[in-house]
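What's counted below: heavy atoms across the whole structure, side chains too, no hydrogens, waters or symmetry copies.
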Amino acid sequence: MYEQFAMIYDEMMEEIPYDEWFAMLQRILQEKGIRTGHICELGCGTGEMVRRFAEAGYEVTGIDLSPDMLAKASEKTLGMENILYFEQNMTDFSLHKPADVVLCICDSMNYLLSKEELQSMFRCIKEALTENGVAVLDMKTAYCFQKVMGNQTRVDETEDALMIWDNTYDEAAHINEYLLTIFTEDKATGMYERYDECHQQRAYTEEEVKECLNEASLRVVKSWTEEQVRTYFVVQNAE
């Protein structure tokens with residue numbers, strides 16, 4: 001997953017409001033009295049949020065299952081000494097030191113296709129957090145998959161690549177699947193190469209997520225949904 005997409009991910013995600021998200025996350029952490037310390041981001045992708053928190057003075061660990069994404073992230077943050085990257089599954093990760101904050105944002109959580117996987121990730125978060133640590137999570141809603149993304153095809157184009165998203169949502173299974181067809185130009189020959197990837201995400205209700213968090217002895221201290229498309233959770237240890 002994300003093998004070829006990693007090459008053009010940042011260009012295709014230019015509309016993502018990373019600066020706004022970073023400002024919001026900083027406000028949440030400051031409300032909890034966290035202004036420094038160790039942050040772990042699950043599903044860190046190409047390191048956009050990792051870089052921002054590192055520049056703000058945090059020690060940051062980025063975890064992702066894709067070596068291609070991690071390679072891009074390492075390239076982007078080259079020379080920054082307060083960053084470590086690890087290739088791990090977010091349902092079965094461990095850290096070299098406890099985290100004051102665990103982040104799982106930009107709908108990475110939707111890639112977990114079963115409640116068992118959610119619970120596994122939450123148990124790992126429980127083990128990773130310091131006693132007073134905080135986790136901030138988000139997910140796309142069923143409304144987003146049904147009404148915003150829906151059964152449609154989207155085409156994105158950059159100077160060097162063309163990407164076709166063929167999206168379908170199975171309401172019975174709550175699974176959103178998008179087939180990516182990526183054409184990239186070989187500058188030496190002028191020829192285009194084609195790559196195909198399949199991505200799946202699952203929609204969960206807020207209640208389902210809270211049940212899984214409770215099972216892992218984590219409690220939701222705050223949750224909200226923005227414009228019906230994305231739900232956020234601020235989480236701490238229940239014990």
Side-chain angles (χ1 to χ4, degrees), residues 1-6 9 12-13 15-17 21 24-25 41-45 49 63-66 69 88-93 102-126 135-156 163-182 196-235 238:
M1 184 182 295
Y2 280 134
E3 292 175 6
Q4 300 302 326
F5 193 31
Y9 182 84
M12 294 300 182
M13 297 295 112
E15 77 280 5
I16 299 296
W21 281 359
M24 177 196 68
L25 292 169
E41 184 184 2
L42 305 176
C44 67
M49 205 60 68
I63 289 177
D64 204 286
L65 191 58
S66 167
M69 287 291 195
Q88 296 190 76
N89 192 319
M90 60 187 180
T91 65
D92 185 25
F93 72 92
V102 173
L103 303 176
C104 187
I105 56 175
C106 204
D107 54 83
S108 293
M109 196 162 67
N110 291 104
Y111 278 99
L112 305 182
L113 302 182
S114 69
K115 290 183 180 179
E116 289 74 21
E117 288 184 304
L118 269 186
Q119 289 170 343
S120 294
M121 184 182 78
F122 294 158
R123 292 188 197 108
C124 289
I125 291 175
K126 167 75 174 179
V136 184
L137 321 169
D138 79 14
M139 66 176 185
K140 286 178 180 171
T141 63
Y143 177 89
C144 178
F145 290 128
Q146 291 169 330
K147 304 298 183 181
V148 178
M149 300 177 70
N151 298 321
Q152 58 182 311
T153 299
R154 166 185 164 187
V155 179
D156 289 314
M163 184 167 65
I164 302 170
W165 309 60
D166 189 11
N167 195 83
T168 57
Y169 180 63
D170 185 332
E171 295 194 24
H174 312 293
I175 297 294
N176 188 80
E177 180 178 274
Y178 49 98
L179 303 176
L180 301 180
T181 302
I182 303 169
D196 295 284
E197 297 184 12
C198 180
H199 296 249
Q200 290 184 319
Q201 292 183 307
R202 176 173 170 176
Y204 292 93
T205 66
E206 190 172 340
E207 291 71 25
E208 286 175 321
V209 174
K210 289 180 177 179
E211 286 174 6
C212 291
L213 287 166
N214 183 65
E215 188 276 339
S217 297
L218 293 168
R219 63 186 177 92
V220 177
V221 297
K222 185 179 181 180
S223 64
W224 69 98
T225 301
E226 289 188 350
E227 299 179 351
Q228 301 185 71
V229 300
R230 189 178 299 274
T231 301
Y232 294 88
F233 302 88
V234 180
V235 175

Item to check | Which residues share a ring-ring contact (aromatic ring centres under 6.0 Å, His included) with Tyr232, sequence neighbours left out | outcome: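 Residues passing ring-ring contact (aromatic ring centres under 6.0 Å, His included) with Tyr232: Trp224.
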
Item to check | Counterpart residues, side chain to side chain donor-acceptor pair (under 3.5 Å), relative to Asn110 (two or more places apart) | outcome: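 Asn110 satisfies side chain to side chain donor-acceptor pair (under 3.5 Å) with no residue once adjacent residues are dropped.
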
Next on the checklist: Once side chain to side chain donor-acceptor pair (under 3.5 Å) is applied, do any residues pair with Thr225, and if so which ones, sequence neighbours excluded?
Outcome noted: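 Residues passing side chain to side chain donor-acceptor pair (under 3.5 Å) with Thr225: Thr231.
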
With sequence neighbours left out, what residues match [X] under side chain to side chain contact (heavy atoms under 4.5 Å, CB included)?
{"X": "Asn214", "answer": "none"}
{"X": "Leu179", "answer": "Asp166, Glu177, Cys198"}
{"X": "Leu65", "answer": "Asn89"}
{"X": "Asp92", "answer": "none"}

Checklist entry - How far does CE of Met149 sit from CG of Asn176, to the nearest 0.5 angstrom? => result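 Met149 CE to Asn176 CG: 4.5 Å, rounded to 0.5 Å.
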
Item to check | Distance (rounded to the nearest 0.5 Å) between Thr91 OG1 and Leu112 CG | outcome: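 Thr91 atom OG1 to Leu112 atom CG measures 6.5 Å (nearest 0.5 Å).
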
For [X] and [Y], which heavy atoms make the closest approach, and how far apart are they?
{"X": "Phe122", "Y": "Val209", "value": "CE1-O, 3.9 Å"}
{"X": "Thr168", "Y": "Asn151", "value": "CA-OD1, 3.1 Å"}
{"X": "Gly43", "Y": "Ser108", "value": "O-OG, 3.6 Å"}
{"X": "Phe93", "Y": "Met121", "value": "CE2-O, 4.2 Å"}
{"X": "Asp64", "Y": "Gly45", "value": "OD2-N, 2.8 Å"}
{"X": "Cys104", "Y": "Met109", "value": "SG-N, 3.9 Å"}

Item to check | Test log, rule side chain to side chain contact (heavy atoms under 4.5 Å, CB included), inputs Ile105 and Glu41 | outcome: CA-CA 8 Å; Ile105 56 175; Glu41 184 184 2; 3.8 Å; yes

Checklist entry - Is there side-chain contact between Leu180 and Trp165, with heavy atoms separated by less than 4.5 Å? => result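 Yes, their side chains come closer than 4.5 Å.
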
Next on the checklist: Using the salt bridge (charged side-chain N to carboxylate O under 4.0 Å, His left out) criterion, which residues pair with Glu206? Sequence neighbours excluded.
Outcome noted: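 So Glu206 forms a salt bridge (charged side-chain N to carboxylate O under 4.0 Å, His left out) with Lys210.
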
Checklist entry - Are Gln201 and His199 close enough that a side-chain donor and a side-chain acceptor fall under 3.5 Å? => result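 The answer is no; no qualifying pair exists.
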
Checklist entry - Any chance the side chains of Thr181 and Asp196 put a donor and an acceptor closer than 3.5 Å? => result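 Distance-only check passes for Thr181 and Asp196.
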
Item to check | Residue pair Tyr178, Gln200: steps toward the side chain to side chain contact (heavy atoms under 4.5 Å, CB included) verdict | outcome: CA-CA 7 Å; Tyr178 49 98; Gln200 290 184 319; over 6 Å; no

Next on the checklist: Tell me whether Tyr204 contacts the main-chain N or O of Ser114 through its side chain, where contact means a donor paired with an acceptor under 3.5 Å.
Outcome noted: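 Yes, because the side chain of Tyr204 sits within donor-acceptor range (under 3.5 Å) of the backbone of Ser114.
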
Checklist entry - Can any side-chain N or O of Asp156 pair as donor or acceptor with the backbone N or O of Met163 at less than 3.5 Å? => result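 Not confirmed, Asp156 side chain does not pair with Met163 backbone.
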
Can you give me every donor-acceptor pair (side chain of residues 137-145, partner residue at least two apart or in another chain, under 3.5 Å) with its distance?
from   : atom 1 : to     : atom 2 : distance (Å)
Asp138 : OD1    : Cys106 : N      : 3.2
Asp138 : OD1    : Asp107 : N      : 2.8
Asp138 : OD2    : Cys106 : N      : 3.0
Asp138 : OD2    : Arg230 : NH1    : 3.4
Thr141 : OG1    : Tyr143 : N      : 3.4
Thr141 : OG1    : Cys144 : N      : 3.1
Thr141 : OG1    : Gln228 : O      : 2.5

Next on the checklist: Test: salt bridge (charged side-chain N to carboxylate O under 4.0 Å, His left out). Region: residues 113-124. Which pairs qualify, not counting sequence neighbours?
Outcome noted: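 Output for this query lists Lys115-Glu208, Arg123-Glu215.
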
